[in-house]
Amino acid sequence: MFKMIFHRRSMALRACGLIIYRRLQPGCPSSKAGNNIEYLLLQTSYGTHHWTPPKGHVDPGEDDLETALRETQEEAGLDSKQITLIEGFKKELQYTVRNKPKTVIYWLAEIKDHNTEIKLSDEHQDFRWLNLEEACKLAQYKDMQAVLRDAQQFLSSKA
């Protein structure tokens, strides 16, 4: 029993989420070429109130993508029918949290209706739709900024 508890405590943390984006309608003031994409960031209601895409820890028996979809539903109120997963984009971040290794995997998804209401859970106190530059300023962490830039580059290459 002691070995199992010790093993669980030493396991790496694993989380999964979705980078949700929307395309602004042509003719909007900010819809210039390359600037017509906005990313959804959520502000946590705990700790330093940092901004991230919806994400969370993998539950036992759940695969990574199931986790990302569940967390997006729980944290932003978006279910899988309201978004389209984008083929070919998957990024893995690795960093340390409280002296434990953590892996976070993100997929990219487009919201089908850019007017869809975002419904926050208690874990978050605010949300914003932001262009790449604004999203990178709020995201703060260099690895998250890099993932957002990679997403933008990926979407630009498919346009």
Side-chain angles (χ1 to χ4, degrees), residues 1-23 37-130 132 135-136 138-155 157-158:
M1 182 74 158
F2 175 75
K3 284 184 181 178
M4 188 153 79
I5 291 171
F6 177 76
H7 177 69
R8 274 196 185 158
R9 286 187 180 173
S10 63
M11 284 175 52
L13 302 170
R14 186 173 188 85
C16 300
L18 296 179
I19 295 171
I20 307 283
Y21 73 94
R22 67 181 182 184
R23 292 185 187 272
I37 294 172
E38 290 183 326
Y39 299 94
L40 176 65
L41 292 184
L42 311 178
Q43 185 182 35
T44 60
S45 54
Y46 56 85
T48 58
H49 305 295
H50 61 282
W51 292 84
T52 68
K55 72 171 186 337
H57 293 110
V58 178
D59 283 347
E62 210 174 37
D63 74 31
D64 291 342
L65 186 54
E66 285 173 336
T67 299
L69 293 168
R70 176 183 53 76
E71 288 291 340
T72 299
Q73 166 76 49
E74 289 175 6
E75 295 184 355
L78 299 173
D79 68 39
S80 59
K81 294 179 211 81
Q82 296 172 298
I83 57 175
T84 302
L85 279 175
I86 305 303
E87 292 284 323
F89 187 93
K90 180 181 174 184
K91 294 290 176 181
E92 187 171 306
L93 302 179
Q94 297 191 354
Y95 51 94
T96 303
V97 176
R98 293 185 211 94
N99 297 320
K100 290 185 183 181
K102 183 171 185 174
T103 299
V104 181
I105 300 169
Y106 285 107
W107 286 266
L108 187 59
E110 183 173 14
I111 195 163
K112 291 179 181 177
D113 176 357
H114 76 279
N115 292 314
T116 300
E117 181 185 0
I118 303 302
K119 300 173 192 134
L120 297 177
S121 71
D122 291 343
E123 294 178 42
H124 296 90
Q125 62 185 14
D126 198 6
F127 74 90
R128 291 192 192 159
W129 287 102
L130 303 157
L132 178 63
C136 285
L138 278 187
Q140 294 179 340
Y141 297 108
K142 296 267 186 254
D143 51 358
M144 188 68 245
Q145 293 170 355
V147 169
L148 290 168
R149 287 191 181 97
D150 288 348
Q152 183 89 9
Q153 187 172 4
F154 181 83
L155 293 170
S157 71
K158 295 185 78 76

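None of these values were measured; they are calculated from a predicted model. Here, residue 1 is the first one in the sequence, and each next residue gets the next number.
In terms of the side chain to side chain contact (heavy atoms under 4.5 Å, CB included) criterion, Q153 has no residue partners (sequence neighbours excluded). Under the salt bridge (charged side-chain N to carboxylate O under 4.0 Å, His left out) criterion, D150 pairs with K91, not counting sequence neighbours.
Counting only heavy atoms from C-beta outward, the side chains of D59 and T67 never approach each other to under 4.5 Å. Residues D64 and W107 meet the side-chain proximity criterion, which asks for heavy atoms closer than 4.5 Å. Under the 4.5 Å side-chain criterion, counting only non-hydrogen atoms from C-beta, L18 is not in contact with L40. Side-chain contact between R149 and C136: present, with at least one pair of heavy atoms (C-beta onward) separated by less than 4.5 Å. Side-chain contact between I37 and L132 is absent, with no heavy-atom pair separated by less than 4.5 Å. Residues Q73 and L69 fail the side-chain proximity criterion, which asks for heavy atoms closer than 4.5 Å. Within the 4.5 Å cutoff, the side chain of L13 has no heavy atoms near those of the P101 side chain. Side-chain contact check for H114 versus W129: every heavy-atom pair is 4.5 Å or farther apart.
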Stepwise side chain to side chain contact (heavy atoms under 4.5 Å, CB included) check, T44 with H50: CA-CA 6 Å; T44 60; H50 61 282; 3.5 Å; yes

Audit row: L65, C16, side chain to side chain contact (heavy atoms under 4.5 Å, CB included) steps and yes/no: CA-CA 7 Å; L65 186 54; C16 300; over 6 Å; no

Residues L93, Y141; criterion side chain to side chain contact (heavy atoms under 4.5 Å, CB included); working and verdict: CA-CA 11 Å; L93 302 179; Y141 297 108; over 6 Å; no

Full working for side chain to side chain contact (heavy atoms under 4.5 Å, CB included) between V147 and V104: CA-CA 11 Å; V147 169; V104 181; over 6 Å; no

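Taking both residues in full, the closest heavy atoms of P54 and I20 are given as CG-CG1, 4.3 Å, listed atom of the first, atom of the second, then distance. Of all heavy-atom pairs spanning K55 and E75, the tightest one is O-OE2, 2.7 Å.
With hydrogens and angles disregarded, a donor-acceptor distance shorter than 3.5 Å links the side chain of S45 to the backbone of D122.
For the residue pair Y21/Q152, the side-chain donor-acceptor check at 3.5 Å is not satisfied.
More than 12 heavy atoms of other residues, nucleotides or ligands sit less than 6.0 Å from atom CG of D113. Counting heavy-atom neighbours within 6.0 Å of N99 CG, excluding the residue itself, gives a total of 12 or less.
A salt bridge between E74 and R70 is present, with a side-chain N of the basic residue lying under 4.0 Å from a carboxylate O of the acidic one. Electrostatic pairing of E38 and R22 counts as a salt bridge here, judged by a charged N lying under 4.0 Å from a carboxylate O.
Screening E62, E71, K102, R14 for a side chain to side chain contact (heavy atoms under 4.5 Å, CB included) with H57, the sole residue that qualifies is K102.
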